Amino acid sequence: MIEQLLKHYCRLAGGWRDAHEDCIEWAVQRLREDTDRGDLDIALLAGESTAEPVQTLARSILARHVDASRLDDESIAGQCLLELHREYRAGTVDIEAVDRRLMSLNRRFNALWLIALGLDCERATAGGPADAFERGFERLARLWGRSRDADEFHAHADTG
């Protein structure tokens, strides 16, 4: 169940519209199931309505349940990339939407692989070759899909 909150939190931290509502719904469901007896942060999260306090409370809950390395900025950016890749492959976003999202992610997170992918995407949307972007996007999604955090990502990237 905590993995679901982590996914919602990553989307919220990455700027997905209405992602805070998913975090709130997670907390409401936990209260309904009474699985976290007396966890004040979950009760507070269930009663929130705006993104900023939701993000703070969700992070506090996650910090007690997942390894801190999964909450660092680069790991969050990697999870955002995975979500964006899923949406792109499903056809719910096009390359222009991916470009806008990558620009937003690059403003939020500082990772060289994200900057490089953003530049490749920008070139592809400006009429340049899309194959470099496609290959890079696939490779990064594959690497992040095999990684729980940034350290694992870099270890996988170093070995191919």
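All values derive from a computational prediction rather than experimental measurement. The analysis underlying the following values was restricted to heavy atoms, covering all of them including side chains, and did not include hydrogens, waters or symmetry mates. Along the sequence shown, the residues carry numbers beginning at 1.
Of the possible polar contacts, none joining the Arg70 side chain to the Leu62 backbone as a donor-acceptor pair under 3.5 Å is found. Using a distance-only test at 3.5 Å, with no hydrogens or angles considered, a donor-acceptor pair links the side chain of Asn106 to the main chain of Leu102. No side-chain donor-acceptor contact under 3.5 Å links Ser104 to the backbone of Arg100. For Arg146 (side chain) and Glu152 (main-chain N/O), no donor-acceptor pair under 3.5 Å exists by modelled atom type.
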Open item on the list: Could you walk me through whether Arg11 and Glu21 satisfy the salt bridge (charged side-chain N to carboxylate O under 4.0 Å, His left out) test, starting with their C-alpha distance in whole Å, then the side-chain angles of each, then the deciding distance to 0.1 Å, before giving a yes or no?
Closed with: CA-CA 11 Å; Arg11 292 178 72 242; Glu21 292 174 3; over 6 Å; no
TODO: Just do the side-chain contact (heavy atoms from CB on, under 4.5 Å) check on Phe153 and Leu81 with the steps written out, would you?
DONE: CA-CA 12 Å; Phe153 168 79; Leu81 177 116; over 6 Å; no
Task: Verdict with reasoning, Asp73 to Asn110, per side-chain contact (heavy atoms from CB on, under 4.5 Å) - done: CA-CA 8 Å; Asp73 282 351; Asn110 184 22; over 6 Å; no
TODO: Step by step, work out the side-chain contact (heavy atoms from CB on, under 4.5 Å) result for Glu87 and Trp16.
DONE: CA-CA 12 Å; Glu87 291 175 358; Trp16 265 253; 2.9 Å; yes
Task: Verdict with reasoning, His154 to Glu74, per side-chain contact (heavy atoms from CB on, under 4.5 Å) - done: CA-CA 11 Å; His154 289 289; Glu74 189 171 14; 2.9 Å; yes
Open item on the list: Determine whether Glu25 and His8 satisfy the following criterion, side chain to side chain donor-acceptor pair (under 3.5 Å), listing intermediate values before the conclusion.
Closed with: CA-CA 10 Å; Glu25 182 55 38; His8 298 324; over 6 Å; no
TODO: Dump the intermediate steps for salt bridge (charged side-chain N to carboxylate O under 4.0 Å, His left out) on Arg89 and Glu134, then the final yes or no.
DONE: CA-CA 11 Å; Arg89 287 292 161 225; Glu134 293 281 340; 2.8 Å; yes
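We find the CD-SG distance between Gln4 and Cys23 to be 10.0 Å, quoted to the nearest 0.5 Å. In this structure, Ile76 CD1 and Tyr9 OH are separated by 5.5 Å, a value rounded to the nearest 0.5 Å. Separation of atoms CD1 (Ile2) and NE2 (His65) is listed at 4.5 Å; rounding is to 0.5 Å. Taking CG of Asp41 as the start and CD of Glu48 as the end, the distance is 11.0 Å to the nearest 0.5 Å. Here the CD atom belonging to Glu96 is positioned 6.5 Å from the OG1 atom belonging to Thr125, to the nearest 0.5 angstrom. Rounding to the nearest 0.5 Å places CG of Leu12 at 10.5 Å from CD of Glu52.
Of all heavy-atom pairs spanning Leu82 and Ala141, the tightest one is CD2-O, 3.2 Å. What you find for Gly14 and Cys80 is that their closest heavy atoms are CA-SG, 3.5 Å. The shortest non-hydrogen separation linking Ile95 to Ala124 is CD1-CB, 3.7 Å. The shortest non-hydrogen separation linking Ala97 to Asp94 is N-OD1, 2.9 Å. Considering every non-hydrogen atom in both Ser69 and Ser75, the closest pair reads O-OG, 2.9 Å. Shortest non-hydrogen contact noted between Ala46 and Ile24 is O-CG2, 3.6 Å.
Side-chain contact between Val66 and Leu71: present, with at least one pair of heavy atoms (C-beta onward) separated by less than 4.5 Å. Counting only heavy atoms from C-beta outward, the side chains of Lys7 and Glu83 approach each other to under 4.5 Å. By the 4.5 Å heavy-atom criterion applied to side chains, Ile61 and Ile42 are counted as neighbours. Taking the side chain as every heavy atom from C-beta outward, Leu114 and Leu140 never approach each other to under 4.5 Å. Two residues are said to be in side-chain contact when any heavy atoms from C-beta on lie closer than 4.5 Å; Leu117 and Cys121 fail this criterion. Using a 4.5 Å heavy-atom threshold, the side chains of Ile115 and Phe109 count as separate.
By the criterion of side-chain heavy atoms lying less than 4.5 angstrom apart, applied directly or through intervening Ile, Leu, Val, Met, Phe, Trp or Tyr residues, Met1 is grouped together with Val54 in one hydrophobic cluster. Under the 4.5 Å side-chain contact rule for hydrophobic residues, Leu40 and Leu45 share a cluster.
Using cut-offs of 30° and 60° on the angle between ring planes, the pair Trp113 and Trp144 is tilted. Ring orientation note: the planes of His85 and Phe137 are nearly perpendicular, at an angle over 60° on the 30°/60° scale.
Between Arg148 and Asp67, none of the side-chain N atoms (NZ, or NE/NH1/NH2) sits under 4.0 Å from a carboxylate O, so this pair counts as no salt bridge. For Asp39 and Arg64, the salt-bridge test passes: some basic side-chain N is under 4.0 Å from an acidic carboxylate O.
Counting heavy-atom neighbours within 6.0 Å of Glu33 CD, excluding the residue itself, gives a total above 12.
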